[in-house]
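Just so you know, these numbers use all the heavy atoms, side chains as well, and skip hydrogens, waters and symmetry mates. Each chain gets a letter, A, B and so on, in the order the sequences are listed, and its residues count up from 1.
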There are 2 protein chains.
Amino acid sequence: MDRIPILQMGKFLLVTIQVDLYDRLALNLETDLAQMVYKTGARGVLIDISALSIVDSFMGRIIGNIGTMSKIMDAETVLVGMQPAVAITLVELGLELKGVSTALNVEKGMLLLRNKIDSFSETDIEEQDDSSAE
Amino acid sequence: MDRIPILQMGKFLLVTIQVDLYDRLALNLETDLAQMVYKTGARGVLIDISALSIVDSFMGRIIGNIGTMSKIMDAETVLVGMQPAVAITLVELGLELKGVSTALNVEKGMLLLRNKIDSFSETDIEEQDDSSAE
C-alpha cells in the first residue's frame with residue numbers, strides 16, 4: 001500500500017491512519033490531501049489515529065505539516081481518537097501540533113469542525129439568514 | 001496492527017479496510033463490528049475498500065459474513081469505493097456478497113443507508129410524524 005484513502009463527507013475530509021507512516025506514504029498523504037482540499041473545497045480535515053498505539057516525531061511532524069497546509073488552504077484540521085499513551089508521548093517529545101485541534105472521537109471532531117466553520121465563515125451565516133427569512 | 005478501527009458517525013459505523021485481511025485481523029473485525037452494532041445500536045455499516053486494488057475469495061467471504069451478521073442484528077451493510085478491477089475480480093470469483101449493497105463512495109453510501117433505514121423503520125416514520133405535527 002502506498003496511499004492512505006481520503007474519504008469525503010460533505011464539507012469534510014476523513015483520513016484514518018492505520019499503519020506507521022514511512023517517507024513515501026507520508027509524502028503521498030500530504031500531496032493527496034492538499035489536492036483533495038483544492039478539488040472539493042473542503043472546509044475541514046479529520047485525522048483519525050485511534051488505530052495507532054505509538055506516534056514518533058516523524059509522524060508528529062507530518063500531522064503538523066498537514067495542519068499548517070490545510071490552514072493555508074482555509075481548512076481546519078482536527079485530530080481524533082488519540083490513545084492516552086500517544087498523548088503522553090507527544091508531550092514527552094515536545095511536539096505542539098500547532099494549528100491542529102483535537103477531539104476524543106470522530107463525532108466530537110465533526111461537531112468541533114462545524115462550530116469552527118460556523119463561527120468563522122460569514123457566507124455560512126448569510127446562508128442561514130436567507131433560509132430563516134424564507 | 002491487529003485491529004481495524006471502527007468509527008461511529010451517528011447511526012452508522014464506518015470501517016476503512018486499507019490492508020489485506022489475514023485470519024486474526026478478519027476475525028477481530030467481525031467480533032468488533034458485532035459488538036459495536038450491539039453497543040451503539042447502529043443501523044448501518046459502511047465498509048470502504050477504496051484502498052484495495054485486489055480482493056481475494058477470503059476477503060470476499062469476510063465481507064459477506066459481516067453483511068449477514070449485521071442483517072441479523074438489524075443493520076444494513078454498504079460496501080463503498082470499489083475499484084473497477086475489484087468488481088471484475090468479484091464477478092470472476094463468483095462471489096455474490098449476499099445482503100451487502102454497494103455504492104460508489106462514502107457520501108452515496110450514507111445516502112443509500114439513510115433511504116434504506118427510512119423506508120424500513122416504522123419508528124423513524126412515527127418520529128417524523130410527531131415532529132411535523134408539533
Any side-chain heavy atom of [X] within less than 4.5 Å of one from [Y]?
{"X": "B:L14", "Y": "A:L14", "value": "yes"}
{"X": "A:I47", "Y": "A:I66", "value": "yes"}
{"X": "B:F12", "Y": "B:V45", "value": "no"}
{"X": "A:M9", "Y": "B:M9", "value": "yes"}
{"X": "B:L13", "Y": "B:L33", "value": "yes"}
{"X": "A:D23", "Y": "A:F58", "value": "yes"}

(message) Does anything in residues 71-109 of chain B reach chain A? List residues with heavy atoms under 4.5 Å apart, or say none.
(response)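 So the qualifying residues are B:V106, B:E107.
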(request) Name the region of A:L52, side chain, backbone, both or neither, that has any atom closer than 4.5 Å to a heavy atom of chain B. (result)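 Neither the backbone nor the side chain of A:L52 comes within 4.5 Å of chain B.
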